[in-house]
K.L.:
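Please find one structure pasted underneath; my questions will follow.
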Amino acid sequence: MRRRLSLPICLLLLLTAWAGAADASDAVTLGRAVVNLDGPWKFHIGDDPRWADPGFDDSAWEDMDLSAPPDANDGDVGITPYTSGWASKGHPGYDGYAWYRLRVTVTPPPGETLALLGPWDVDSSYQVYADGHLLGGVGDFSGTTPTAHGTHYPRRFELPPDLAKGGTHTLAIRVWMGPWNGNAPGVGGIHVAPAIGTSEAIDARYHMQWLKIVEGYAVDVAPATMMLLTAIMALCLWPLARADKAYTWLAAALLCSALQRGNQAFFFWFQVETIQGFVIFILGMIAPCALGAWMMAWRAWFKLDTPRWLPKAVAALAGIYALSQLARPWLFHASFASFPPPWSQALGYLRSGVHWAFLLSYVLIAYLGIRRSGREGWYALPAVLAQGVVLFSGELSLLHVPGIWFPFGVGVSLSEYAAVVACLLLSGLLLRRLWSHAGVRRTPI
């Protein structure tokens, strides 16, 4: 009889324990938390200092929703959740100032204070106001035209003591987008919503955002470092064959490519280099030099004396490409108006045409080099192809070749993969040359 009763009693005890656990789970108190301020925000293009005032009537402004699918990213670093900008929300082709406003009521847990996490990805600069108090921002607004340094810098803002305790407050974000984005789809303003939460929780997310930025551009530092080391390796071979210009040209090409690649991390890790500085230094100077140096490096590697017009053609292409990059009215002052659309389009066609001419020159050099060098040329072909992917990944995208992947949530581009492979293959070629030079020196006279 006792055995028969034991099963019902056990079931009853289990049900009682389960009911008690269910009651306990209902008593949940959220502690340190962060809430994304997706809105909808009130939005208006233009600029007026009064729009920071919490008493301003923004009821006639349009709504701007900053929510985004959780898996949507920026297509570069892997920043999520990412939403498109004002160009795809009713304001295509617009650049300049715009304001976002939001009234929010927040009650922090007892003993906790609030902090604000700035919008992580913004075109191109912004300032944050809370109840009319300027908290800070990204970019320099002291001049007649703001200065932009980049699109995604994590920022944490301390709220004034009376705001940090919670309550109903008005947040206003003043955004300025520069004219360099043109008519690109989805650009403009805030792409990642700001967030509010307890100070510790905001600190944790702020550090996670910086970790994402560091990870995202460390993949540029790695190939840049490999390029620099390979350049040093090439220079070490130069004393063994001073008449061979391949080593100096290779070192120059690798150094330019290392600067071009490594600058990505410098640009996005430190708020130092401006958009204008990036275009002048990297696009207007380093990129044309890198293209020209790689043409001459492979020409010297294959010991091509013909066609004799090739060096002059490469120099001319590099010069035209540099001028086409620098011929932007906003480059020397962002308030300058851009060229009329037909001229801007023609300038884009010129840059594209010059890049295709470089590609054809690259193919010609590879073809003539293999034909002249035979087996030695075939040994070099894998390195030529890998470096070609680095230089002409944009043209490869026209063949629907994927340009970026997101392993472990971090964006790694095709050119970054190719740069690593190219350095390894070039190192092998240089070691082979070193072995041949050593063999020549060991041969008795």
Side-chain angles (χ1 to χ4, degrees), residues 223 226-258 288-318 354-393 395-396 399 401 414-415 417-445:
M226 292 181 68
M227 290 172 184
L228 183 60
L229 294 175
T230 311
I232 294 172
M233 187 177 180
L235 286 176
C236 288
L237 266 69
W238 175 71
L240 302 177
R242 294 178 182 272
D244 194 341
K245 297 180 180 179
Y247 303 128
T248 51
W249 275 117
L250 268 177
L254 285 162
L255 180 59
C256 288
S257 293
C289 288
L291 283 166
W294 277 111
M295 303 298 145
M296 297 303 295
W298 288 121
R299 178 180 180 270
W301 184 272
F302 292 123
K303 297 179 171 58
L304 294 176
D305 296 325
T306 58
R308 296 187 179 278
W309 50 263
L310 187 61
K312 293 181 180 179
V314 167
L317 287 173
V354 172
H355 216 264
W356 276 103
F358 269 121
L359 175 56
L360 293 175
S361 302
Y362 197 81
V363 172
L364 176 63
I365 291 169
Y367 168 73
L368 294 176
I370 292 173
R371 215 174 84 169
R372 183 188 187 283
S373 304
R375 181 184 298 178
E376 292 296 319
W378 287 106
Y379 288 152
L381 182 59
V384 173
L385 292 176
Q387 187 58 42
V389 172
V390 177
L391 298 174
F392 305 105
S393 57
E395 285 73 14
L396 284 174
L399 301 176
V401 177
L414 174 63
S415 62
Y417 284 117
V420 172
V421 173
C423 285
L424 294 174
L425 293 172
L426 275 170
S427 298
L429 290 175
L430 290 171
L431 286 172
R432 194 169 185 276
R433 283 280 182 98
L434 176 62
W435 183 261
S436 66
H437 290 314
V440 169
R441 288 177 176 263
R442 287 198 303 268
T443 302
I445 300 176

K.L.:
Please name the pair of heavy atoms, one in Leu434 and one in Leu237, separated by the smallest distance, quoted to 0.1 Å.
P.N.:
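Heavy atoms of Leu434 and Leu237 come nearest at N-CD2, 3.9 Å.
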K.L.:
Looking at CG of Leu368 and CZ of Arg299, how far apart are the two atoms once the value is rounded to the nearest 0.5 Å?
P.N.:
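Separation between the atoms: 10.5 Å.
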K.L.:
Could you tell me whether the side chain of Met233 reaches within less than 4.5 Å of the side chain of Leu431, counting heavy atoms only?
P.N.:
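A side-chain contact exists here, since the closest heavy-atom pair is under 4.5 Å.
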K.L.:
A side-chain contact here means heavy atoms from C-beta on lying under 4.5 Å apart; do Val389 and Val421 qualify?
P.N.:
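Counting from C-beta outward, Val389 and Val421 never come under 4.5 Å.
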K.L.:
State, yes or no, whether a side-chain contact exists between Ile365 and Leu310 at a heavy-atom distance under 4.5 Å.
P.N.:
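They are in side-chain contact.
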K.L.:
So which heavy atom on Ala366 is nearest to which on Val384, and how close?
P.N.:
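Where Ala366 meets Val384 most closely, the heavy atoms are CB-CG1, 3.9 Å.
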K.L.:
Looking only at non-hydrogen atoms, find the nearest pair between Ala258 and Met227 and report the distance.
P.N.:
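Shortest heavy-atom contact: N-SD, 3.6 Å.
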K.L.:
Supply the atom-to-atom distance Cys256 SG to Leu291 CG, rounded to the nearest 0.5 angstrom.
P.N.:
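So the gap between those two atoms works out to 9.5 Å.
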K.L.:
By the side-chain hydrogen bond (donor to acceptor under 3.5 Å, both in side chains) test, which pairs, at least two apart or in different chains, include something from residues 420-434?
P.N.:
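side-chain hydrogen bond (donor to acceptor under 3.5 Å, both in side chains) check on residues 420-434 returns Asp244-Arg433, Tyr247-Arg433, Glu376-Arg432.
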K.L.:
Do the side chains of Leu254 and Trp294 get nearer than 4.5 Å, heavy atoms only?
P.N.:
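Side-chain contact under 4.5 Å: yes.
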K.L.:
Provide the closest heavy-atom pair for Ala290 versus Ser257 in the form atom of the first, atom of the second, distance.
P.N.:
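Result for this residue pair: CB-OG, 4.3 Å.
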K.L.:
Who are the side-chain contact (heavy atoms from CB on, under 4.5 Å) partners of Ala315, not counting sequence neighbours?
P.N.:
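With sequence neighbours excluded, Ala315 shows a side-chain contact (heavy atoms from CB on, under 4.5 Å) to no residue whatsoever.
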K.L.:
Kindly determine whether Leu250 and Trp301 satisfy side chain to side chain contact (heavy atoms under 4.5 Å, CB included), including the steps that lead there.
P.N.:
CA-CA 9 Å; Leu250 268 177; Trp301 184 272; 3.7 Å; yes
K.L.:
Rounded to the nearest 0.5 Å, what separation is found between the CG atom of Leu430 and the OG1 atom of Thr230?
P.N.:
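So the CG of Leu430 and the OG1 of Thr230 are separated by 7.5 Å.
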K.L.:
Given 3.5 Å as the limit, does a donor-acceptor pair link the side chain of Arg372 with the main chain of Leu304, or not?
P.N.:
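A pair under 3.5 Å: no.
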K.L.:
Considering all heavy atoms of both residues, which atom of Ala419 and which atom of Pro223 are nearest to each other, and what is their separation?
P.N.:
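Residues Ala419 and Pro223, closest heavy atoms: CB-CB, 3.9 Å.
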K.L.:
Are Leu317 and Ser361 close enough that some pair of their side-chain heavy atoms sits under 4.5 Å apart?
P.N.:
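In contact.
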K.L.:
Mind checking whether Leu425 and Gln387 have side chains closer than 4.5 Å, heavy atoms only?
P.N.:
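No, their side chains stay 4.5 Å or more apart.
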K.L.:
Could you tell me whether the side chain of Phe392 reaches within less than 4.5 Å of the side chain of Val363, counting heavy atoms only?
P.N.:
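Not touching, per the 4.5 Å side-chain cut-off.
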K.L.:
I'd like to know if the side chain of Trp298 pairs up with that of Tyr362 as donor and acceptor (distance under 3.5 Å, no hydrogens or angles considered).
P.N.:
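Indeed, the side chains of Trp298 and Tyr362 share at least one donor-acceptor pair under 3.5 Å.
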K.L.:
Test side chain to side chain contact (heavy atoms under 4.5 Å, CB included) on Met296 and Trp249; report intermediate values, then the result.
P.N.:
CA-CA 6 Å; Met296 297 303 295; Trp249 275 117; 3.5 Å; yes
